[in-house]
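What follows is a single structure, written as structure tokens, with notes after it.
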Amino acid sequence: MTATPTTPTVTRAEYCVIACAEAWRDNGEVLASPMGLIPSFGARLAKRTFSPDLLLTDGEALLVGLDGTPEGWLPYRRHLTMVTGGRRHVMMGASQIDRFGNQNISCIGDWERPARQLLGVRGAPVNTLNNPVSYWIPKHSTRVFVERVDMVSGVGYDRAEAAGVTRFHHLPRVVSDLGVLDFGGPGHAMRLACVHPGVTVEEVRAATGFELAAAGEVPYTREPTADELRLIREVIDPKGLREREVRG
């Protein structure tokens, strides 16, 4: 009797890679700037499959191919030109993020006497006002998804609109270990777009520090194709580092 082939179980980390990759779908020839392990795997998967025109960088001075081979020079001044012209899509992290996408990576607590000093605002203001910015949150919790950030580093929809600087401002999505969120709620409020298989809507809402919008029945994150799963496991991350960042 011949055994029936079984489909390998997709892990939570692999759904996160897929969800991050989808952030760059249909972006065309833009510089993908993933900050973090899972986002970097997502960007590489997107370029290998449905977004072949993406530009990848070593993060320092070079444009690189799929195997990391240098393909061109990317000095700082050219990088800034791409940023200010909207030809870049960053996926950043966030120590805090609120319902309108204001992000904090600078400090926790009062600015004049913070309880914890973090990275500082870095390039977050320029990134969010000049090119698309998505976010990756490896641990979805009420400590990260807050009603009001302690300090604004990346600019959210409410502040961008109030300041009249919306021409290039765009926050496509927030990917967490529980699901994917966008800003399709009322007034560009954060909305639950999908949950990863094995996660419930109630679980996401309980881990969010503000009321989370949702449009009708919330779907699951899409399944990877057989080829995408092969690329993740055999080509992009054969050492399985993704499972260390997101445990299912």
Are the side chains of [Y] and [X] in contact, using a 4.5 Å heavy-atom criterion?
{"X": "Cys20", "Y": "Ile38", "value": "yes"}
{"X": "Val30", "Y": "Arg87", "value": "yes"}
{"X": "Trp136", "Y": "Ser134", "value": "no"}
{"X": "Asn127", "Y": "Arg88", "value": "yes"}
{"X": "Leu212", "Y": "Met190", "value": "yes"}
{"X": "Val10", "Y": "Pro224", "value": "yes"}

Once you round to the nearest 0.5 Å, how far does [atom1] of [X] lie from [atom2] of [Y]?
{"X": "Ile232", "Y": "Asp237", "atom1": "CD1", "atom2": "CG", "result": "8.5 Å"}
{"X": "Glu223", "Y": "Ile18", "atom1": "CD", "atom2": "CD1", "result": "9.0 Å"}
{"X": "Leu45", "Y": "Leu231", "atom1": "CG", "atom2": "CG", "result": "6.0 Å"}
{"X": "Lys139", "Y": "Ile137", "atom1": "NZ", "atom2": "CD1", "result": "12.5 Å"}
{"X": "Thr49", "Y": "Glu228", "atom1": "OG1", "atom2": "CD", "result": "5.0 Å"}
{"X": "Glu203", "Y": "Arg205", "atom1": "CD", "atom2": "CZ", "result": "13.0 Å"}

Task: ring pair (Phe, Tyr, Trp, His ring centres under 6.0 Å) contacts in which one or both residues fall within residues 192-230, not counting sequence neighbours - done: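 For residues 192-230, and leaving out neighbouring residues, there are no ring pair (Phe, Tyr, Trp, His ring centres under 6.0 Å) pairs at all.
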Task: All pairs passing ring pair (Phe, Tyr, Trp, His ring centres under 6.0 Å) where residues 9-53 contributes a residue, at least two apart - done: Trp24-His89
Task: Residues in side-chain hydrogen bond (donor to acceptor under 3.5 Å, both in side chains) contact with Asn104, at least two apart in sequence or another chain - done: Gln96
TODO: Start with the C-alpha gap between Ser141 and Val144, add the side-chain angles, then the distance that decides, and say whether side chain to side chain contact (heavy atoms under 4.5 Å, CB included) holds.
DONE: CA-CA 5 Å; Ser141 74; Val144 179; 3.8 Å; yes
- [ ] Please list, chain by chain and in numerical order, all residues satisfying side chain to side chain contact (heavy atoms under 4.5 Å, CB included) with Thr142, sequence neighbours excluded.
- [x]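 Thr142: no side chain to side chain contact (heavy atoms under 4.5 Å, CB included) contacts found.
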Indicate, with yes or no, if [Y] and [X] share a hydrophobic cluster defined by side-chain heavy-atom contacts under 4.5 Å among Ile, Leu, Val, Met, Phe, Trp and Tyr.
{"X": "Leu181", "Y": "Ile97", "value": "yes"}
{"X": "Val199", "Y": "Leu192", "value": "yes"}
{"X": "Met92", "Y": "Phe183", "value": "yes"}
{"X": "Met91", "Y": "Leu55", "value": "no"}
{"X": "Val175", "Y": "Val246", "value": "yes"}

So which atom in [X] and which in [Y] form the shortest heavy-atom distance, rounded to 0.1 Å?
{"X": "Val235", "Y": "Pro238", "result": "O-CD, 3.6 Å"}
{"X": "Ala46", "Y": "Ala21", "result": "CB-O, 3.7 Å"}
{"X": "Tyr135", "Y": "Ala94", "result": "CD2-CB, 4.4 Å"}
{"X": "Gly109", "Y": "Asp150", "result": "N-OD2, 2.8 Å"}

Provide the full list of salt bridge (charged side-chain N to carboxylate O under 4.0 Å, His left out) pairs with a residue in [range], sequence neighbours left out, each pair given once.
{"range": "residues 34-57", "answer": "none"}
{"range": "residues 191-202", "answer": "Asp182-Arg191"}
{"range": "residues 99-122", "answer": "Arg99-Glu147"}
{"range": "residues 9-37", "answer": "Glu14-Arg233, Glu14-Arg242, Glu22-Arg25, Glu22-Arg222"}

- [ ] Would you please say whether a donor-acceptor pair under 3.5 Å links the side chains of Thr128 and Gln103?
- [x]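 No - no donor-acceptor pair under 3.5 Å links their side chains.
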Cut-off 3.5 Å, no hydrogens considered: what does the side-chain donor-acceptor table look like for residues 159-174, sequence neighbours left out?
from	atom 1	to	atom 2	distance (Å)
His169	NE2	Val155	O	2.8
His170	ND1	Tyr157	OH	3.4
Arg173	NH1	Ala19	O	2.8

Task: Hydrophobic cluster of Met151, others only, ordered by chain and residue number, side-chain cut-off 4.5 Å - done: Trp111, Val121
- [ ] Verify the neighbour count for atom CD of Glu211: are there more than 12 heavy atoms of other residues, nucleotides or ligands below 6.0 Å?
- [x]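 Result for CD/Glu211: open.
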- [ ] May I have the step-by-step check of side chain to side chain contact (heavy atoms under 4.5 Å, CB included) for Ile108 and Leu118, ending in yes or no?
- [x] CA-CA 8 Å; Ile108 302 298; Leu118 306 174; 3.9 Å; yes
Task: Residues forming a salt bridge (Lys or Arg N to Asp or Glu O under 4.0 Å) with Arg148, sequence neighbours excluded - done: none
TODO: Tell me, with the steps shown, if Val64 and Leu56 meet side chain to side chain contact (heavy atoms under 4.5 Å, CB included).
DONE: CA-CA 6 Å; Val64 298; Leu56 302 179; 4.0 Å; yes
Open item on the list: Keeping Ser153 on the side-chain end and Ile105 on the backbone end, is there a donor-acceptor pair under 3.5 Å?
Closed with: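 Pair found, side chain donor or acceptor close to backbone of Ile105.
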Task: Backbone N/O of Val204 and side chain of Thr208: donor-acceptor pair under 3.5 Å - done: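 Yes; judged by distance alone, with no hydrogens or angles, the pair exists.
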Open item on the list: Under the criterion side chain to side chain contact (heavy atoms under 4.5 Å, CB included), I'd like the reasoning laid out for Val17 against Ile236: C-alpha separation, chi angles, the key distance, then a yes or no.
Closed with: CA-CA 11 Å; Val17 173; Ile236 295 172; over 6 Å; no
Open item on the list: Test of understanding: with ring-ring contact (aromatic ring centres under 6.0 Å, His included), list the residues that count as partners of Phe145, not counting sequence neighbours.
Closed with: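 Phe145: ring-ring contact (aromatic ring centres under 6.0 Å, His included) contacts with His140.
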